[in-house]
*Asks:* 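Take a look at the following structure, please.
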Amino acid sequence: MEGVSGDQASEPSVPMAKWRRDFSRAFRYYLDRSTPHPVGRWLGTLAVAIIYVLRVYLIQGFYIVSYGLGIYLLNLLIGFLSPQVDPGLEVDGASLPTRGSDEFRPFIRRLPEFKFWYAMTKAFCVAFVMTFFSVFDVPVFWPILLCYWIVLFVLTMKRQILHMIKYRYVPFNFGKQRYDRKNPVGSGNSLSRDR
């Protein structure tokens with residue numbers, strides 16, 4: 001009889017495990033398909049953020065959840081703006097170039113763009129779900145939280161910008177030289193004009 005009850009106990013979990021595995025596989029498939037479309041991904045995240053802000057505004061509550069979300073997003077932003085290897089530590093000579101004669105080393109983020117986007121979107125979704133549970137609606141005076149977050153943001157970004165200036169790195173691609181793959185060597189470039 002023990003074998004029968006053991007089989008019956010595991011029977012309901014098998015369809016649930018299969019459903020979970022299939023859902024995880026489908027989720028990973030669509031997540032992988034979204035990778036080469038950063039503009040669409042970020043527009044989706046913007047839509048999720050707007051929905052969250054509207055919900056908090058209309059409910060007039062859940063300010064502590066919003067504050068926690070803001071601190072988490074600030075932490076993600078710092079990881080996104082920071083190099084993978086801190087130039088101040090210089091482990092094994094792996095530092096960013098500081099002079100024009102130094103060897104070129106590309107800027108590698110501590111938190112890549114895709115992981116930054118994914119964590120940010122997931123954070124907004126979790127915060128949105130939390131707004132449906134009254135246990136998270138702690139009464140606080142929200143202007144104090146907002147002022148404290150702004151001060152924290154300014155001090156953190158000031159430190160990050162000073163770090164960027166000190167070690168001369170720019171974590172964005174704006175204004176950097178680009179090599180165009182669409183323009184082949186013999187079609188209209190400077191070499192063909194000189195002949």
Side-chain angles (χ1 to χ4, degrees), residues 27-28 30-57 62-131 142-181:
F27 179 74
R28 177 59 59 189
Y30 288 112
L31 194 63
D32 290 344
R33 294 214 11 137
S34 73
T35 303
H37 308 289
V39 174
R41 286 189 282 118
W42 283 104
L43 287 176
T45 300
L46 180 64
V48 170
I50 289 172
I51 290 170
Y52 173 76
V53 168
L54 282 174
R55 174 139 175 90
V56 169
Y57 176 74
F62 296 96
Y63 300 121
I64 201 77
V65 173
S66 298
Y67 177 72
L69 176 65
I71 295 294
Y72 181 70
L73 295 180
L74 181 60
N75 186 31
L76 288 176
L77 181 64
I78 294 302
F80 180 70
L81 295 176
S82 299
Q84 188 174 24
V85 178
D86 189 3
L89 300 178
E90 292 191 36
V91 177
D92 297 329
S95 64
L96 295 171
T98 56
R99 294 182 300 276
S101 61
D102 286 350
E103 177 186 348
F104 170 74
R105 291 185 188 96
F107 181 79
I108 300 172
R109 299 177 190 283
R110 185 171 39 157
L111 182 65
E113 183 269 338
F114 184 81
K115 289 183 179 179
F116 176 55
W117 164 80
Y118 182 66
M120 192 171 180
T121 305
K122 193 165 57 170
F124 273 111
C125 291
V126 168
F128 181 75
V129 169
M130 288 174 76
T131 62
W142 66 266
I144 291 176
L145 287 180
L146 181 64
C147 290
Y148 183 65
W149 186 85
I150 289 171
V151 167
L152 191 63
F153 178 81
V154 168
L155 291 177
T156 305
M157 290 310 295
K158 178 183 173 189
R159 189 183 73 198
Q160 185 67 31
I161 290 170
L162 289 175
H163 190 266
M164 290 164 53
I165 291 170
K166 180 178 180 182
Y167 294 106
R168 297 184 186 143
Y169 66 91
V170 178
F172 303 107
N173 292 335
F174 307 125
K176 292 185 179 179
Q177 184 177 4
R178 286 193 134 173
Y179 298 100
D180 192 11
R181 291 185 193 178

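Bear in mind that the values here come from a model prediction, so they are computed numbers and not experimental data.
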*Asks:* Looking at every heavy atom in both Arg41 and Ser34, which two are closest together, and how far apart are they?
*Replies:*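 What the structure gives for the nearest pair is NE-O, 3.0 Å.
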
*Asks:* Locate the shortest heavy-atom distance separating Leu76 from Leu111; write the atom from each residue and the value.
*Replies:*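 What the structure gives for the nearest pair is O-CD2, 3.5 Å.
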
*Asks:* Could you please spell out the steps behind the side-chain contact (heavy atoms from CB on, under 4.5 Å) verdict for Leu146 and Tyr67?
*Replies:* CA-CA 8 Å; Leu146 181 64; Tyr67 177 72; over 6 Å; no

*Asks:* When rounded to the nearest 0.5 angstrom, what is the spacing between CE in Met120 and CG in Leu46?
*Replies:*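 So the CE of Met120 and the CG of Leu46 are separated by 9.0 Å.
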
*Asks:* What are the two closest heavy atoms between Pro38 and Glu113, and how far apart are they?
*Replies:*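 Looks like CB-OE2, 4.2 Å.
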
*Asks:* Given side chains that start at C-beta, do those of Thr131 and Tyr52 come closer than 4.5 Å, heavy atoms only?
*Replies:*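 With C-beta onward as the side chain, the pair touches.
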
*Asks:* Taking all atoms of both residues into account, what is the closest heavy-atom pair of Pro36 and Arg33, and its distance?
*Replies:*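 For Pro36 and Arg33, the tightest heavy-atom pair comes out as CD-O, 3.4 Å.
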
*Asks:* Is Tyr148 atom OH crowded by more than 12 heavy atoms from other residues, nucleotides or ligands, each under 6.0 Å away?
*Replies:*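 Open: at most 12 neighbouring heavy atoms sit under 6.0 Å from OH of Tyr148.
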
*Asks:* What distance separates Asp32 CG from Phe27 CZ, expressed to the nearest 0.5 Å?
*Replies:*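 One gets 10.0 Å once the value is rounded to the nearest 0.5 Å.
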
*Asks:* State, yes or no, whether a side-chain contact exists between Phe116 and Leu77 at a heavy-atom distance under 4.5 Å.
*Replies:*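 A side-chain contact exists here, since the closest heavy-atom pair is under 4.5 Å.
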
*Asks:* If you round to the nearest 0.5 Å, how far is CZ of Phe80 from NZ of Lys115?
*Replies:*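 Reported value, rounded in 0.5 Å steps: 13.5 Å.
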
*Asks:* Between CZ of Phe128 and CG of Leu69, what distance do you get to the nearest 0.5 Å?
*Replies:*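 So the gap between those two atoms works out to 13.0 Å.
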
*Asks:* Which residue is it: Ile50, Val129, Val48? I am looking for the one with a side-chain contact (heavy atoms from CB on, under 4.5 Å) to Phe124.
*Replies:*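 Single pass found, and it is Val48.
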
*Asks:* Can you tell me how far the OG1 atom of Thr156 sits from the CG atom of Leu74, to the nearest 0.5 Å?
*Replies:*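 Result: 5.0 Å between the selected atoms.
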
*Asks:* Return the minimal non-hydrogen interatomic distance between Leu81 and Gln160, and the atom names on each side.
*Replies:*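 Closest approach of Leu81 to Gln160: O-NE2, 3.4 Å.
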
*Asks:* Compare all side-chain heavy atoms of Met130 with those of Phe62 and state whether any distance is below 4.5 angstrom.
*Replies:*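 SC-SC contact between Met130 and Phe62 ruled out.
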
*Asks:* Indicate the ring-plane relationship of Trp149 and Phe153, choosing parallel, tilted or perpendicular according to the 30° and 60° boundaries.
*Replies:*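 Rings of Trp149 and Phe153: parallel, under 30°.
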
